[in-house]
*Asks:* 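Quick one: structure below, then a few questions.
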Amino acid sequence: MKILNRSLILLLAFLMCSCSSLSSMVERPQLSVDDFRLTDASLFRQTFKVRLKVDNPNSFALPILGLDYGVNIAGVDITQGTTNEGVRIPGNGSDYLEIDFDTNLMKSLPDLMDVVKSGGKNLDYKLDGNVRLGNAFFKQLPFSKSGTFDLRL
């Protein structure tokens with residue numbers, strides 16, 4: 001019985017060492033905002049498209065299961081959402097995730113009219129959330145990106 005217990009402890013210790021050395025060999029994927037733009041606009045409805053680029057620096061493919069996100073424009077949280085659109089990022093490669101969302105900025109952002117009236121052509125945005133990964137080493141890839149987008153279509 002003692003031999004079995006010692007063997008199990010040694011096996012567990014070996015597996016723990018193997019996992020920690022494997023996780024140090026796995027590199028964290030990189031995420032960037034490739035495009036954030038207004039694609040359609042009327043007085044009460046605006047449609048935005050966000051395109052995220054995921055770079056996989058590892059030699060193995062990285063399955064993406066979906067995305068949880070929140071969008072802030074001009075300091076106001078305007079939308080939150082989830083996509084379950086999956087994509088597989090090839091080893092040492094890149095691919096894109098796209099988010100389309102509608103909002104009513106006239107309702108969400110009363111100060112928007114002041115920006116437009118003053119001749120402002122750009123608004124600041126912040127996009128944050130998590131990419132859900134189907135990977136043993138990284139279950140989620142948090143992101144927070146900010147920038148500006150052009151109000152003109």
Side-chain angles (χ1 to χ4, degrees), residues 14-153:
F14 173 76
L15 289 174
M16 289 175 64
C17 290
S18 297
C19 287
S20 67
S21 65
L22 281 175
S23 65
S24 67
M25 295 185 323
V26 176
E27 293 184 57
R28 187 173 189 77
Q30 299 299 311
L31 186 99
S32 60
V33 176
D34 183 62
D35 190 24
F36 189 119
R37 64 187 149 108
L38 182 64
T39 58
D40 190 29
S42 67
L43 186 57
F44 297 107
R45 181 173 167 237
Q46 298 77 41
T47 302
F48 293 89
K49 180 179 284 290
V50 180
R51 184 174 170 169
L52 303 171
K53 182 180 181 190
V54 181
D55 294 313
N56 180 8
N58 299 292
S59 60
F60 53 87
L62 184 65
I64 298 207
L65 306 176
L67 180 71
D68 302 315
Y69 63 91
V71 180
N72 177 298
I73 296 179
V76 176
D77 293 328
I78 63 159
T79 192
Q80 292 182 3
T82 297
T83 67
N84 292 317
E85 183 178 327
V87 67
R88 191 169 183 83
I89 311 299
N92 297 312
S94 301
D95 207 341
Y96 297 89
L97 297 169
E98 291 188 354
I99 306 167
D100 294 309
F101 65 91
D102 295 324
T103 190
N104 181 345
L105 291 180
M106 294 303 139
K107 184 177 179 182
S108 301
L109 298 172
D111 297 333
L112 179 63
M113 288 307 294
D114 292 337
V115 172
V116 173
K117 285 178 186 175
S118 69
K121 303 287 188 254
N122 297 310
L123 282 179
D124 294 332
Y125 72 85
K126 182 177 180 186
L127 173 69
D128 55 11
N130 288 298
V131 175
R132 293 186 314 275
L133 304 170
N135 181 279
F137 298 103
F138 303 107
K139 294 293 183 191
Q140 294 185 39
L141 176 60
F143 63 91
S144 182
K145 303 294 179 183
S146 59
T148 60
F149 68 91
D150 193 339
L151 284 173
R152 296 167 290 190
L153 291 179

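Treat the numbers as computed from the prediction; the structure is a model and nothing was measured. No hydrogens, no waters, no symmetry mates; every other heavy atom, side chains included, goes into these values.
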*Asks:* If you draw a 6.0 Å radius around NZ in K126, do more than 12 non-hydrogen atoms from other residues or ligands fall strictly inside?
*Replies:* no
*Asks:* Taking all non-hydrogen atoms of both residues into account, name the closest pair between N72 and D77 and its distance.
*Replies:*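 The answer is ND2-OD1, 3.0 Å.
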*Asks:* So which heavy atom on N130 is nearest to which on Q140, and how close?
*Replies:*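 Closest approach of N130 to Q140: CG-OE1, 3.0 Å.
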*Asks:* How close do L141 and P29 get, counting heavy atoms only, and between which atoms?
*Replies:* CD1-O, 3.6 Å
*Asks:* Measuring from atom CG of L31 to atom CG of L52, what distance do you get when rounded to the nearest 0.5 angstrom?
*Replies:* 5.0 Å
*Asks:* Looking at D68 and G129, would you say the former's side chain and the latter's main chain have a donor-acceptor pair under 3.5 Å?
*Replies:*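 Between the backbone of G129 and the side chain of D68 there is no qualifying donor-acceptor contact (under 3.5 Å).
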*Asks:* Give me the one residue out of Y69, Y125, F101 that meets ring-ring contact (aromatic ring centres under 6.0 Å, His included) with F48.
*Replies:* F101
*Asks:* Can you measure from OG (S146) to CG (L127) and round to the nearest 0.5 angstrom?
*Replies:* 9.5 Å
*Asks:* For the atom pair CD1 (I99) and OG1 (T82), what is the distance rounded to the nearest 0.5 Å?
*Replies:* 10.0 Å
*Asks:* Please report the closest heavy-atom contact between R88 and D95, naming both atoms and the distance.
*Replies:* O-OD2, 4.1 Å
*Asks:* Between F143 and V33, is a side-chain contact (heavy atoms from CB on, under 4.5 Å) present by the stated rule, with each step listed?
*Replies:* CA-CA 10 Å; F143 63 91; V33 176; over 6 Å; no
*Asks:* Taking atom CZ of R28 and atom CG of D55, what is their separation to the nearest 0.5 Å?
*Replies:*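 Output value for this atom pair is 13.5 Å.
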*Asks:* Between L97 and I64, is any pair of side-chain heavy atoms under 4.5 Å apart?
*Replies:* yes
*Asks:* On a heavy-atom basis, which atom in S32 and which in K145 lie closest, and how many Å separate them?
*Replies:* CA-CE, 4.1 Å
*Asks:* Around atom CZ of R45, are there more than 12 heavy atoms of other residues, nucleotides or ligands at under 6.0 Å?
*Replies:*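 Not more than 12 within 6.0 Å, no.
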*Asks:* Check whether T39 reaches the backbone of T47 with its side chain - one donor and one acceptor, N or O, closer than 3.5 Å.
*Replies:* yes
*Asks:* Rounded to the nearest 0.5 Å, what separates atom CG in D100 from atom NZ in K49?
*Replies:*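 So the CG of D100 and the NZ of K49 are separated by 3.5 Å.
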*Asks:* Within the supplied structure, the quantity of interest is the number of heavy atoms (other residues, nucleotides, ligands) at a distance under 6.0 Å from E98 CD; does it exceed 12?
*Replies:*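 Yes, because the 6.0 Å sphere around CD of E98 holds more than 12 heavy atoms from other groups.
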*Asks:* I want to check something: taking the side chain as every heavy atom from C-beta on, are S59 and N92 in contact at a cut-off of under 4.5 Å?
*Replies:*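 Side chain of S59 against side chain of N92, heavy atoms only: contact under 4.5 Å found.
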*Asks:* Do R37 and V50 come within less than 4.5 Å of each other through their side chains, counting heavy atoms only?
*Replies:*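 Side chain of R37 against side chain of V50, heavy atoms only: no contact under 4.5 Å found.
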*Asks:* Please lay out, stage by stage, how T79 and I73 fare under the test side-chain contact (heavy atoms from CB on, under 4.5 Å).
*Replies:* CA-CA 9 Å; T79 192; I73 296 179; over 6 Å; no
*Asks:* Can we say D35 and R51 salt-bridge, meaning some charged N sits less than 4.0 Å from an Asp/Glu carboxylate O?
*Replies:*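 No.
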*Asks:* Can you name the closest pair of heavy atoms from L65 and G134 and give their distance?
*Replies:*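 The answer is CG-N, 3.7 Å.
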*Asks:* Measure the spacing between NZ of K53 and CD1 of I89 and express it to the nearest 0.5 Å.
*Replies:*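 Result: 10.5 Å between the selected atoms.
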*Asks:* Considering only heavy atoms from C-beta outward, does the side chain of L62 approach that of L133 to under 4.5 Å?
*Replies:*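 Result yes, sub-4.5 Å side-chain heavy-atom pair found.
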*Asks:* Take L67 and E85 through the test side-chain contact (heavy atoms from CB on, under 4.5 Å) and record every step on the way to the result.
*Replies:* CA-CA 8 Å; L67 180 71; E85 183 178 327; over 6 Å; no
